[in-house]
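Just below is one structure, and these are the notes that go with it.
This one's a predicted model, so the numbers in the text were calculated from it and none came from an experiment. Throughout, a chain's letter reflects where its sequence line sits, starting with A, and its residues are numbered from 1.
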Amino acid sequence: MERMDLQELRELVEFLKENGIAEFELEREDQHVKLKFESAFPAAIAAAPVLHAHAMTAPVSAAAVPAAAAAASPDAPAEEALHQVKSPIVGTYYESSAPGSPAFIKVGDTVEVGQTVCIVEAMKLMNEIESDVAGEVVRIIAKSGQPVEYGQPLFAVRAK
Amino acid sequence: MERMDLQELRELVEFLKENGIAEFELEREDQHVKLKFESAFPAAIAAAPVLHAHAMTAPVSAAAVPAAAAAASPDAPAEEALHQVKSPIVGTYYESSAPGSPAFIKVGDTVEVGQTVCIVEAMKLMNEIESDVAGEVVRIIAKSGQPVEYGQPLFAVRAK
Amino acid sequence: MAMFKKVLVANRGEIALRVISACREMGIGTVAVYSEADRNSLHVRFADEAVCIGPPRSAESYLNVPAVISAAEICDVDAIHPGYGLLSENANFAEVCRASNIKFIGPRPEVTRMMGEKSTARQTMKAAKVPILPGSDGVIASVDEALTWAKSVGYPVILKAVAGGGGRGMRICRSATDLPDLYNQASTEALNAFGNGDLYMEKFIERPRHIEFQVLADEHGNVMSLGERECSIQRRHQKLIEEAPSLQVSPELRARLGGVIERSLREIGYWNAGTIEFLMDEDGEIYFIEMNTRIQVEHPVTEAITGIDLVKAQLRIAAGEHLSAIVPERPRINGHAIECRINAEHPEKFTPSAGKITAFNLPGGNGIRVDTAQYAEGIVPPYYDSMIAKVICHGKDREEAMNKMQRALDQFVVEGIHTTIPLQQKIFADPDFRRGDFDTKFMERFFEKEAEHKRTEAEG
Amino acid sequence: MAMFKKVLVANRGEIALRVISACREMGIGTVAVYSEADRNSLHVRFADEAVCIGPPRSAESYLNVPAVISAAEICDVDAIHPGYGLLSENANFAEVCRASNIKFIGPRPEVTRMMGEKSTARQTMKAAKVPILPGSDGVIASVDEALTWAKSVGYPVILKAVAGGGGRGMRICRSATDLPDLYNQASTEALNAFGNGDLYMEKFIERPRHIEFQVLADEHGNVMSLGERECSIQRRHQKLIEEAPSLQVSPELRARLGGVIERSLREIGYWNAGTIEFLMDEDGEIYFIEMNTRIQVEHPVTEAITGIDLVKAQLRIAAGEHLSAIVPERPRINGHAIECRINAEHPEKFTPSAGKITAFNLPGGNGIRVDTAQYAEGIVPPYYDSMIAKVICHGKDREEAMNKMQRALDQFVVEGIHTTIPLQQKIFADPDFRRGDFDTKFMERFFEKEAEHKRTEAEG
């Protein structure tokens with residue numbers, strides 16, 4: 001177990017479980033790993049909430065990022081390398097400081113740590129949300145005017 | 001097993017079990033591990049009955065034979081090779097046809113298929129129980145006068 | 001007579017656990033019996049003792065009288081509770097118990113036998129002035145006789161071949177004008193099909209409701225009716241949903257019919273819990289069809305609205321207690337209760353669905369009772385009845401009980417196998433069901449509506 | 001005022017699910033809020049909508065007022081139900097709700113605040129003629145004054161340091177002869193410890209029972225007492241077992257005290273469900289200690305014996321309904337109910353036991369109610385209260401309720417974590433408990449007996 005010691009395996013399994021993966025197989029010239037979870041995992045009762053309608057767009061949760069991505073393509077590491085700027089509070093997301101004003105950021109912009117990237121309104125207060133990463137804005141996930149919950153991803157940023 | 005000795009394997013198995021993994025396979029140039037658990041980790045609720053007192057001595061049930069035994073020790077096949085003559089009915093086991101009479105069989109005897117090996121009394125009827133195997137009686141499991149349930153082992157026989 | 005020290009429960013699943021629980025609460029020791037397929041069942045785990053009595057097939061285990069009796073003997077029990085189904089209405093079994101000096105928790109074998117034969121039961125009840133379904137009570141000799149009978153029974157009537165079966169030689173007749181032709185058709189058809197053209201006649205009920213009365217009777221001649229349950233929601237004579245009280249039974253009818261039943265069972269010398277089943281026609285007239293001489297699957301709805309524990313009552317009656325000690329006064333009806341039988345079946349195809357339960361969440365909270373012997377990681381074996389749980393909801397009125405049931409079904413999670421839960425969820429959203437507008441043909445209409453709905457959706 | 005369309009439940013665990021279930025049964029939409037640790041909780045699954053409001057720590061999620069209010073705003077709810085604990089008795093939160101035009105399901109913030117301050121609550125209740133624990137009501141100036149107070153209060157009394165804490169400057173005094181010395185000792189001790197020798201006096205109750213009265217009050221000045229619960233089985237002021245009715249409360253006392261409570265709450269302008277807590281001394285005298293202005297953990301025992309749904313009543317009261325529509329007549333007490341709080345704790349060491357539940361079997365059947373948000377394969381997070389389930393048993397009398405509880409505890413299987421079930425099983429086998437011979441010191445004596453028993457066994 002030099003290549004993949006238990007610690008590494010542990011992280012892999014943790015990752016697979018978080019992402020609701022039932023079976024996993026990885027084959028490389030020097031290594032082949034195959035894994036199959038018990039049918040019941042992730043616990044069916046726990047996993048089910050995503051099935052019914054929620055006010056929120058489901059935050060990128062376990063189930064949403066297909067593990068396939070990770071497993072299938074070591075040559076398409078796109079998604080993993082991206083940093084998500086998440087909402088630190090519950091409220092309503094706005095892309096600009098006022099209706100009609102330009103958005104704080106758009107795809108392709110470079111953001112710095114601490115730069116205001118959007119507004120989340122909570123209890124009538126306009127809270128400026130700052131980026132916790134420096135890099136290039138790759139995707140804007142939330143839509144202006146949309147309610148967001150704690151931890152909900154707002155932007156995807158390719159960190160520098 | 002220089003790379004992955006028993007201790008390491010134990011940790012691996014422990015880890016896989018904790019994480020509810022049903023099947024696992026790892027292949028490297030110098031090593032190939034493949035593991036598949038029994039369908040259910042003995043469901044805790046189901047397994048528990050053996051914990052509380054029963055009228056019967058617990059028959060050798062699935063849960064009682066640790067899979068470990070089979071896996072761990074190819075050099076100790078003793079128990080597996082023995083055939084158990086089981087009670088085909090519920091009732092009271094007697095070793096002889098009448099109090100004071102000699103037992104039908106004793107350890108070391110050779111029995112033939114169809115030979116009467118004991119009596120099980122049920123509803124005031126003395127039922128002669130016949131051996132379903134030919135071989136040498138290695139152990140007498142039940143005690144005369146003891147109640148026995150369906151399928152309860154009475155004798156261990158080394159089949160010829 | 002003193003209370004039993006130890007009782008063997010000759011059953012499996014939820015009813016075995018129900019009886020074991022009642023015994024435990026009364027300080028009575030319990031013996032479970034089980035087949036090899038049920039080794040990991042909860043009735044085995046929660047009994048004081050457990051005996052394996054045979055291989056999976058019921059005929060070789062739960063229906064195996066010598067095995068059950070031997071288990072009772074080696075465990076030295078005072079009595080056997082048979083639950084429902086299996087040996088519960090087997091008069092021979094009750095006789096073997098008596099011969100073995102073990103108390104059978106049920107009526108005398110003679111009474112079980114009498115009530116087990118439909119025509120005897122019918123005659124017995126008729127003699128005791130219980131209303132029975134009117135009919136010719138035998139072969140009709142001619143068209144004229146048929147017309148006379150039909151006049152006294154009242155249209156519509158149904159002509160049935162004495163030798164019949166499968167709908168052959170059967171005609172529904174709605175007027176005297178049609179009768180001669182239909183009579184001749186049916187008779188000819190029966191003659192051709194069975195070599196016997198004899199017909200008899202019964203009153204035909206287009207949309208019957210299934211109403212049944214729960215009774216308790218002791219060994220000293222005391223009988224008490226505990227009111228009715230309505231079990232009209234059936235699929236192929238299998239009850240799916242039961243409730244109490246019935247919207248169709250007025251306090252006057254309940255009292256009057258209760259009185260008739262009490263007198264008739266006293267005459268018969270009945271004891272134990274028991275259920276008298278009736279059909280009710282569109283005009284609210286009620287007709288005896290059969291009697292069950294055991295505890296019923298749907299007994300909890302009566303328990304909910306009367307506060308009486310029927311299984312404990314069975315045990316106390318069998319131990320010789322007087323009904324007046326068990327039920328000091330006639331109970332008032334308190335609110336409304338509904339039961340759903342949750343079966344391990346595909347909710348549309350009704351194919352049995354055995355297997356391992358991978359996720360299991362029981363509904364709980366105010367007014368919800370669940371009777372089940374299943375659990376997460378448990379196995380539903382393919383050998384037995386498909387019912388895995390009963391959900392009973394008790395509310396201050398029918399509306400609240402229905403709302404509770406909807407909530408409970410939404411929170412009842414079963415994965416790994418199919419169950420009837422999705423079907424029952426739909427029934428509880430059906431406007432006719434909610435209004436109480438149903439009868440034993442309800443499910444047929446329900447499935448037609450469903451199919452119609454699907455066709456419309458497919459076209460739209 | 002019309003019934004709410006949508007309610008946010010600002011809580012977690014069983015009480016969140018309890019409120020969600022009540023709303024569903026009433027046709028009210030529900031919003032669950034949850035911390036990151038509770039993503040897989042049943043209250044999240046069974047609500048119509050769910051909003052993550054923060055990280056695991058309560059202070060940053062369930063106690064985070066802006067987060068809860070924002071969730072309520074983005075989901076556009078009419079009202080917030082706070083459950084118990086957390087924000088339920090936070091008057092500021094109730095004020096923010098009011099300012100945000102969201103109905104807080106509880107009394108006015110002013111009333112919550114008044115009842116939250118012990119001395120104000122005491123004075124308010126005293127003024128309303130509710131019996132309070134007698135005492136000096138302030139600093140005692142001298143030994144002579146202390147003797148005078150003690151005479152009027154009645155021995156035994158307890159002297160306490162005004163600045164005190166941790167038992168310092170505290171003396172129990174059983175006679176006038178001992179008082180002067182004890183007074184001086186306590187005063188000196190207090191002076192040395194706190195730099196302040198001032199003392200006050202209260203009646204000392206050797207073996208108090210904890211008795212509490214449940215009330216419902218509407219916004220139109222109508223109040224109804226629903227009788228008492230007894231919660232004397234406590235460990236370090238944590239209730240373990242509660243029951244109703246109390247063996248110590250006669251119908252006369254129930255009616256008299258109920259009347260006093262009803263008048264006093266009407267004067268205060270209280271509305272919502274509420275609980276008035278009392279201590280009862282060895283002579284059956286009863287003294288107010290505090291009021292809880294929210295639903296109580298142990299509310300189901302009152303629901304069982306009165307048939308009233310207290311959570312639904314809260315919702316209807318908050319929607320402006322009249323009490324007379326909710327509870328048309330004063331309920332009769334029906335049987336006896338007992339609740340066990342099942343905590344995820346080691347049953348002897350009481351260390352919290354978080355982790356994954358590997359096996360979970362809930363007891364069911366006749367007269368058993370379980371309120372829980374846990375399930376097989378569920379996780380008990382380490383951040384919150386350790387209670388994972390409540391088992392409520394309802395029987396025709398206390399004996400039957402206790403027997404049911406024993407049976408239910410035996411059938412309640414929880415593996416993977418420790419629970420208090422083994423402790424509660426022992427309590428239900430304790431002769432003093434069974435006789436009803438207990439008080440709030442019961443658990444101390446129980447643990448001593450257990451320790452004694454272990455010593456004897458070790459020696460034997």
Note to self: Is C/V96 close to chain B through its backbone or its side chain, or both, or neither, when contacts mean heavy atoms under 4.5 Å?
What the structure shows: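 For C/V96, side-chain heavy atoms alone lie under 4.5 Å from chain B.
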
Heavy-atom neighbours of [X] [atom1] exceed 12 at 6.0 Å:
{"X": "C/R113", "atom1": "CZ", "value": "yes"}
{"X": "C/K349", "atom1": "NZ", "value": "no"}
{"X": "B/E128", "atom1": "CD", "value": "no"}
{"X": "C/Y84", "atom1": "OH", "value": "yes"}

Supply the atom-to-atom distance [X] [atom1] to [Y] [atom2], rounded to the nearest 0.5 angstrom.
{"X": "C/E49", "Y": "B/E149", "atom1": "CD", "atom2": "CD", "answer": "11.0 Å"}
{"X": "B/L125", "Y": "C/S70", "atom1": "CG", "atom2": "OG", "answer": "9.0 Å"}
{"X": "C/S100", "Y": "B/M123", "atom1": "OG", "atom2": "CE", "answer": "4.5 Å"}

Notebook entry, point to check: Do you know which of C/A67, C/A32, C/G54 has the most heavy-atom pairs under 4.5 Å to chain B?
Noted result: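 Maximum pair count with chain B is reached by C/G54.
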
Checklist line | Closest non-hydrogen atom pair between C/V51 and B/V90, with its separation | finding: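 Smallest heavy-atom distance, with atoms named: CG1-CG1, 3.9 Å.
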
Margin query: Measuring only between side-chain heavy atoms, which start at C-beta, is C/E73 closer than 4.5 Å to B/K124?
Written below: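 Side-chain contact under 4.5 Å: yes.
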
Notebook entry, point to check: Side chains of B/Y150 and C/S35: does their closest heavy-atom pair fall under 4.5 Å?
Noted result: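 Counting from C-beta outward, B/Y150 and C/S35 never come under 4.5 Å.
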
